[in-house]
Q: 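Just dropping this structure here.
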Amino acid sequence: VYDGHGGHRAAEYLIKHLHGNICNQDAFAAGDFEAALRSGFKRTDEDFLSLCRQYRLLDGSTCCVVMIVDNHLIAAHAGGATPAFIQSYE
């Protein structure tokens with residue numbers, strides 16, 4: 001989930017780059033998905049901030065990512081987008 005503010009460019013950048021930046025981490029290939037999420041988020045943030053400095057952009061975005069691996073949920077978020085999980089007992 002991406003929610004841009006101050007413009008659409010940050011959310012669009014996340015859509016195009018975050019997934020690849022997470023999956024291209026060595027930690028992802030090693031199965032350390034939490035480390036891959038941290039590194040992928042950091043890389044994406046640094047790259048977009050570089051563009052913001054270069055082009056004087058003021059766009060931002062919140063982001064929420066959830067991965068399901070085997071029987072585990074792994075979540076990561078930036079900004080005000082915090083995941084909430086609800087378990088059904090039906």
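The first residue of the sequence shown is numbered 1, and numbering continues consecutively from there.
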Q: Tell me the closest heavy-atom pair linking Ala36 and Ala27, and the distance in Å.
A: N-CB, 3.8 Å
Q: Is it the case that the side chain of Thr44 and the backbone of Gly40 share a donor-acceptor pair, with hydrogens and angles ignored and the cut-off at 3.5 Å?
A: yes
Q: Can you measure from CD1 (Ile22) to NE2 (His17) and round to the nearest 0.5 angstrom?
A: 13.0 Å
Q: Same hydrophobic cluster for Val69 and Phe41, using side-chain heavy-atom links shorter than 4.5 Å among ILVMFWY?
A: yes
Q: Just to verify, what does Asp45 make a salt bridge (Lys or Arg N to Asp or Glu O under 4.0 Å) with, not counting sequence neighbours?
A: none
Q: In residues 70-83, what donor-acceptor pairs under 3.5 Å come from side-chain atoms, sequence neighbours left out?
A:
| from | atom 1 | to | atom 2 | distance (Å) |
| --- | --- | --- | --- | --- |
| His77 | ND1 | Ala81 | O | 3.3 |

Q: Check side-chain contact (heavy atoms from CB on, under 4.5 Å) between Arg56 and all other residues, then give those that pass, not counting sequence neighbours.
A: none
Q: For Phe33, what residues pass the ring-ring contact (aromatic ring centres under 6.0 Å, His included) criterion, not counting sequence neighbours?
A: Phe28
Q: Measuring from atom OG1 of Thr62 to atom NE2 of His5, what distance do you get when rounded to the nearest 0.5 angstrom?
A: 7.0 Å
Q: Using the rule that Ile, Leu, Val, Met, Phe, Trp and Tyr join whenever any side-chain heavy atoms are under 4.5 Å apart, tell me whether Met67 and Ile15 fall into a single cluster.
A: yes
Q: Can you sort out the partners of Phe48 under ring-ring contact (aromatic ring centres under 6.0 Å, His included), two or more places apart, ordered by chain and number?
A: Tyr13
Q: With sequence neighbours excluded, give me every salt bridge (Lys or Arg N to Asp or Glu O under 4.0 Å) pair touching residues 6-30.
A: Arg9-Asp59
Q: My understanding is that only residues two or more places apart in sequence, or in another chain, count here; which of them pass salt bridge (Lys or Arg N to Asp or Glu O under 4.0 Å) with Asp47?
A: Arg43
Q: Running the 4.5 Å side-chain criterion over Ile, Leu, Val, Met, Phe, Trp and Tyr, what cluster does Tyr89 land in, apart from itself?
A: none
Q: Just jot down the side-chain hydrogen bond (donor to acceptor under 3.5 Å, both in side chains) partners of Ser39, sequence neighbours excluded, or say none.
A: none
Q: To the nearest 0.5 Å, what is the distance between OG on Ser61 and CG on Leu14?
A: 5.0 Å
Q: Give me the other members of the hydrophobic cluster that Val1 sits in, counting Ile, Leu, Val, Met, Phe, Trp and Tyr linked by side-chain heavy atoms under 4.5 Å, directly or via other members.
A: none
Q: Under 6.0 Å from the OH atom of Tyr55, do we count more than 12 heavy atoms belonging to anything else shown?
A: no
Q: With sequence neighbours left out, which residue pairs that include part of residues 28-38 fulfil the salt bridge (Lys or Arg N to Asp or Glu O under 4.0 Å) condition?
A: Glu34-Arg38
